[in-house]
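Here the structure is laid out as structure tokens; the discussion comes afterwards.
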Amino acid sequence: MTSIHQFKAEGIDGNTIDFADFKGKKLLIVNVASECGYTSQYQQLQELHSNFKETLTIVGFPSNDFGGQEPGTNEEIQAFCTRRFAVSFPMAAKVRIKGNEPHPIYSWLTQKALNGVQDSNVRWNFHKYLLDEEGQLVGNYASAVSPLDTQVLSWVQS
């Protein structure tokens, strides 16, 4: 079975995010948007990152696929996240999540044939995927579930 550790993604700053660097840590992958009703979750994601950065890595994937709520450039998105929420967890460059050519990580996350665990649909911004220390998918939560929900915190602390 493959793991998320086989992937790389372009970072919002132009550098490469190599998921192999996260071996031994839990991962929370989340699609983000700056003009969404859930945008305040950036604050909760940052709090989760600050409190658990030794054992958990959060990676945000900006996307304009849901309601056109991430229209900005990578530079504008990065400036917004830094200024408004002091985001310090890794952020990927803006990607496609649905449609004919989703980012390969999202193809892997959403297709059981690739991840070996489950099929899923990203229905809106701030959908969360949880992966264990070996890079295996363990579950996902819809947008309305807070990053600080007891289910997420229990998993992070387990």
Problem set entry | Heavy-atom pair with the smallest gap, counting every atom of Cys36 and Asn125 | SG-ND2, 3.6 Å
Exercise. Do you know the tightest heavy-atom contact between Leu45 and Ile58?
Worked result: O-CD1, 3.2 Å
For this session: Mind running side-chain contact (heavy atoms from CB on, under 4.5 Å) on Phe52 and Gln157 for me, showing each step along the way?
Result: CA-CA 9 Å; Phe52 298 100; Gln157 295 171 332; 3.4 Å; yes
Problem set entry | Expected output: side-chain Lys53 to main-chain Phe89 donor-acceptor under 3.5 Å | no
Problem set entry | Counterpart residues, ring pair (Phe, Tyr, Trp, His ring centres under 6.0 Å), relative to Phe61 (two or more places apart) | His103, Tyr106
Exercise. Which atom names give the shortest non-hydrogen contact between Met91 and Cys81, and what distance separates them?
Worked result: CE-SG, 3.9 Å
Problem set entry | Donor-acceptor contact present, side-chain Gln136 to main-chain Thr2, <3.5 Å | yes
For this session: Working to the nearest 0.5 Å, report the span between CH2 of Trp108 and OG of Ser3.
Result: 6.5 Å
For this session: Indicate the atoms forming the closest heavy-atom contact of Ser107 with Pro102, along with that distance.
Result: OG-CG, 3.3 Å
For this session: For the pair Leu109 and Asn140, evaluate side-chain contact (heavy atoms from CB on, under 4.5 Å) and give the outcome as yes or no after the intermediate values.
Result: CA-CA 9 Å; Leu109 287 169; Asn140 71 91; over 6 Å; no
Exercise. For Phe19, what residues pass the ring pair (Phe, Tyr, Trp, His ring centres under 6.0 Å) criterion, not counting sequence neighbours?
Worked result: Phe22
Exercise. Can you check side-chain contact (heavy atoms from CB on, under 4.5 Å) on Val138 and Val117, steps first, answer last?
Worked result: CA-CA 8 Å; Val138 296; Val117 178; over 6 Å; no
For this session: Check the surroundings of atom CD in Gln78: do more than 12 heavy atoms from other residues, nucleotides or ligands lie under 6.0 Å from it?
Result: yes
Exercise. Can you tell me how far the CD1 atom of Ile12 sits from the CG atom of Asn74, to the nearest 0.5 Å?
Worked result: 5.0 Å
For this session: Search all heavy atoms of Ile17 against all heavy atoms of Pro90 and return the closest pair with its distance.
Result: CD1-CB, 4.3 Å
Problem set entry | Stepwise side-chain contact (heavy atoms from CB on, under 4.5 Å) check, Val95 with Ile105 | CA-CA 10 Å; Val95 299; Ile105 287 177; over 6 Å; no
Problem set entry | Nearest-0.5 Å distance that lies between atom OG1 in Thr55 and atom NZ in Lys26 | 7.0 Å
Seminar exercise, completed: residues 74-102 vs salt bridge (charged side-chain N to carboxylate O under 4.0 Å, His left out), sequence neighbours excluded, gives Asp65-Arg96
Exercise. Quick one: are Asp149 and Tyr141 in side-chain contact, heavy atoms under 4.5 Å?
Worked result: no
Problem set entry | Exam field: side chain Gln46 to backbone Ser88, donor-acceptor pair closer than 3.5 Å | yes
Exercise. Taking all atoms of both residues into account, what is the closest heavy-atom pair of Pro62 and Ala93, and its distance?
Worked result: CD-O, 4.1 Å
For this session: Check for a donor-acceptor pair, side chain of Thr39 on one end and backbone N or O of Ala33 on the other, with a separation under 3.5 Å.
Result: yes
Problem set entry | Contacts of type ring pair (Phe, Tyr, Trp, His ring centres under 6.0 Å), residue Tyr129, not counting sequence neighbours | His127
Seminar exercise, completed: Contacts satisfying salt bridge (charged side-chain N to carboxylate O under 4.0 Å, His left out) that involve residues 121-139 (not counting sequence neighbours) are none
Exercise. For the atom pair CD (Glu47) and OG (Ser50), what is the distance rounded to the nearest 0.5 Å?
Worked result: 8.0 Å
For this session: For residues 67-87, pull every pair meeting ring pair (Phe, Tyr, Trp, His ring centres under 6.0 Å), keeping only residues two or more places apart or in separate chains.
Result: Tyr42-Phe85, Phe80-Phe85
Exercise. For Ser143, does its backbone N or O pair with a side-chain atom of Gln41 as donor and acceptor, under 3.5 Å?
Worked result: yes
Exercise. Between Ser40 and Gln44, is a side chain to side chain donor-acceptor pair (under 3.5 Å) present by the stated rule, with each step listed?
Worked result: CA-CA 7 Å; Ser40 63; Gln44 298 160 352; 5.3 Å; no
Problem set entry | Validation row: Ile4, Ile29 side chains within 4.5 angstrom (heavy atoms) | yes
Problem set entry | Atom pair CD (Gln6) and CG (Asp18), whose distance is rounded to the nearest 0.5 Å | 11.0 Å
Exercise. Quick one: CD1 on Ile97 to CG on Asn121, what's the gap to the nearest 0.5 Å?
Worked result: 12.0 Å
